[in-house]
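Following: one structure in structure tokens, then a few remarks.
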Amino acid sequence: MRRPLVAGNWKMNGSLESVRSLLDGIKAGVGAVTNAEVAVCPTAIFIPEAQQRLSGTEIAWGGQDLSTETSGAYTGEVAASMLNDFACKYVIVGHSERRTYHNESDDLVAKKFATARAAGLAPILCVGETLEERESGVTNEVVARQLNAVIELEGVAALADGVIAYEPVWAIGTGKTATPEQAQEVHAFIRSLVAEKSAEVAEGVRILYGGSMKPGNAKELIGKADIDGGLIGGASLAAEDFLGICTAAN
Ligand code: PEP
């Protein structure tokens, strides 16, 4: 039985004040509403706030990206050891915004997955197709290529140390959600790809859906057999909405 995970990706949002109140709001509400695992990924500079306010609770926190380097002259980058210094459990790798705006290739994302894993962090590997790719009928091909880059580098067993997030790029921040059937189809495909290499890993690995998930559509999405929770952008920035999704994940 896979325990659902609801993870908030706060992206480059918030101020010190708003992040504090969001953390407090989630902390105050979450215990009463969900049995799912809950995590938040603030922008790097606010991770210490998450640690300070969430330590001792059931809520985990993590980063949105990491460097493949361990230290040195890499301006603007964050090392895995730094995420560990602030007790992060998770780190997102290969988010479509990183792939698009920072030209992150499948190979680089696979290396980031490996770097996170080697440091004891649980990578949340994002995969997903653009609208153009969906309309050209290559969704499965794209998702398989993104996933196989990790499997080729690290072996299928490595997936057991992380989480996969299927995030159709056309649904991220657009208000267009994949229907539960559309999402389930790709989730089942991803699980079948993993199962070709290891039935055990396929059975255990959590596959989250991400793309305009909200309290109003979360239950139907997470209710599908292969959807094990959500990676939430916009709706994770308001405690009430995020808690609504956590409730739906019960
Ligand atoms: C995301 O960016 O991971 C995401 C799912 O965003 P949104 O929920 O805003 O579509």
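Index from 1, following the sequence. Read the numbers this way: they start at 1 and go in the same order the structure lists the ligands and their atoms.
- Taking Ile, Leu, Val, Met, Phe, Trp and Tyr as hydrophobic and joining them when side-chain heavy atoms fall under 4.5 Å apart, one finds Val142 in a cluster with Val138.
- A side chain to side chain donor-acceptor pair (under 3.5 Å) with Glu104 is found for one member of Lys111, Lys112, Arg99 and no other, namely Lys112.
- Contact residues of ligand 1 (protein heavy atom closer than 4.0 angstrom to a ligand atom; sorted by chain and number): Asn9, Lys11, His95, Glu167, Ala171, Ile172, Gly173, Gly210, Gly211, Ser212, Leu231, Ile232, Gly233, Gly234.
- Val163 shares a hydrophobic cluster with Leu5, Tyr90, Ile92, Ile124, Leu208, Leu231; the chain of contacts runs through ILVMFWY side chains whose heavy atoms sit under 4.5 Å apart.
- With sequence neighbours excluded, no residue forms a ring pair (Phe, Tyr, Trp, His ring centres under 6.0 Å) with His95.
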* Verify side chain to side chain donor-acceptor pair (under 3.5 Å) between Thr100 and Glu97, making sure each step is shown before the conclusion. => CA-CA 5 Å; Thr100 305; Glu97 286 151 17; over 6 Å; no

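- Listed for the Lys219 side chain is no donor-acceptor partner under 3.5 Å among the backbone atoms of Asn217.
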